[in-house]
Student: 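First, the structure itself, so that you have it in front of you.
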Amino acid sequence: MKLTTWNVNSLKVRLPQVLQWLQTNPVDVLCIQETKLTDDKFPQAEIEAAGYHVVFTGQKTYNGVAILSRHPIEDVQKNNPLFEDEQQRIIAATIAGMRIICAYIPNGQAPGTDKFSYKLRWLEALEQWLQQEMAKHPNLALLGDYNIAPDDRDVHDPAAWEGMNLVSPEERTAFQRLIALGLSDSFRQFEQPEKTFSWWDYRALGFRLNKGVRIDHVLLSAPLAQRCISCAVDKVPRKWEQPSDHAPVTAELKPAE
DNA sequence: ATGGCTCCGTTGCGGAGA
């Protein structure tokens, strides 16, 4: 059972790459962020033709999330019922006995801005809702673009980034509060290459110089974490023509006993 | 180097991303 998260930065532009990637990586579940498409423009038929069920919620220009699945999708929830939000940033569903939550956590712009306080309020409401969801669903996975690099190891130049958006103490504390609910950062369950990141700036040769940050994560509840046998970033599609600035991150679970 | 690149939209060049 493979679960993937990928911020595609416009599904309109990236659909061919998503379909190409799925051909060689036929994962069970793919959580997509930043579709930037209203629901009437979503390429449902193309995705279903590739052998995937799909659910989505979007808006014009910004945000938008989707879950693609080889298995039937049930009990779909759009956005956090505890948080009034016009922005479409969450879609959740039950798939193969697991509660899958696909989240595009706000960027936050910079500490001290309105967008940053929205990010922190959004994360606080996510934590409250997750607590309820975890009580209902022991097998839960939270996949997405968190816009948080949890640790200095997750930043190419921690000194240059100190206190900035994505790494600030407030954001890292919010991330640790999610972990404290009983979630595991599946990437850190395993030995990993030094300087593994999931996002690189389009500018200034960010990818070529590996000036990146690890902000896309697969968090697993304890029963799923126990079944997890790997978690890895796939840098291959970041090398393609006209790539997303994010790479897909995949966690693999062995079958339940 | 408070920038660079990419995407979007009342198709221009400004906002947003991270």
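The analysis underlying the following values was restricted to heavy atoms, covering all of them including side chains, and did not include hydrogens, waters or symmetry mates. Letters A, B, ... mirror the listed sequences (proteins, then strands); counts begin at 1.
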Student: Under 4.5 Å side-chain heavy-atom separation, chaining through any Ile, Leu, Val, Met, Phe, Trp or Tyr, what else clusters with A:I47? Say none if it is isolated.
Tutor: A:W6, A:V8, A:L11, A:L15, A:V18, A:L19, A:W21, A:L22, A:V27, A:L30, A:I32, A:L37, A:F42, A:Y52, A:V54, A:F56, A:L68, A:V236, A:W240
Student: Sticking with atom C1', work out how far B:dT10 lies from B:dC5, rounded to a whole angstrom.
Tutor: 25 Å
Student: Grab the NZ-P distance between A:K211 and B:dG3 for me, whole Å please.
Tutor: 15 Å
Student: Could you work out the separation of B:dG3 and B:dA18 based on their C1' atoms and round it to a whole Å?
Tutor: 14 Å
Student: Start at the 5' end of DNA chain B and walk down; is the nucleotide closest to A:L11 or to A:A204 reached first?
Tutor: A:A204
Student: Scan for ring-ring contact (aromatic ring centres under 6.0 Å, His included) pairs involving residues 84-108 of chain A, sequence neighbours excluded, and state none if there are none.
Tutor: none
Student: Going by the rule side-chain hydrogen bond (donor to acceptor under 3.5 Å, both in side chains), which residues pair with A:Y146 if we only count those two or more places apart in sequence or in a different chain?
Tutor: none
Student: Rounded to the nearest 0.5 Å, how far apart are CZ of A:R14 and OG of A:S244?
Tutor: 5.5 Å
Student: Between B:dA1 and B:dC13, how far apart are the C1' atoms? Round to whole Å, please.
Tutor: 23 Å
Student: For A:K41 and B:dC8, what is the distance between atoms NZ and C1' respectively, to the nearest whole Å?
Tutor: 12 Å
Student: Across nucleotides 9-18 of chain B, 5' to 3', mark each nucleotide with B, S or - according to how protein heavy atoms within less than 4.0 Å reach it.
Tutor: SS-----SBB
Student: Determine: side-chain N/O of A:R14 to OP1/OP2 of B:dC7, distance under 4.0 Å, yes or no.
Tutor: yes
Student: Can you list everything that forms a ring pair (Phe, Tyr, Trp, His ring centres under 6.0 Å) with A:F197? Sequence neighbours excluded, please.
Tutor: none
Student: For A:D185, enumerate each residue passing the salt bridge (Lys or Arg N to Asp or Glu O under 4.0 Å) test, keeping only those at least two apart in sequence or located in another chain.
Tutor: A:R214
Student: Calculate the interatomic distance between A:E241 atom CD and B:dC5 atom C1'; express it in whole Å.
Tutor: 14 Å
Student: Work out how far the C1' atom of B:dG12 is from that of B:dC7, and round it to whole angstrom.
Tutor: 14 Å
Student: Tell me: CZ of A:R208 to C1' of B:dG4, nearest whole Å?
Tutor: 14 Å
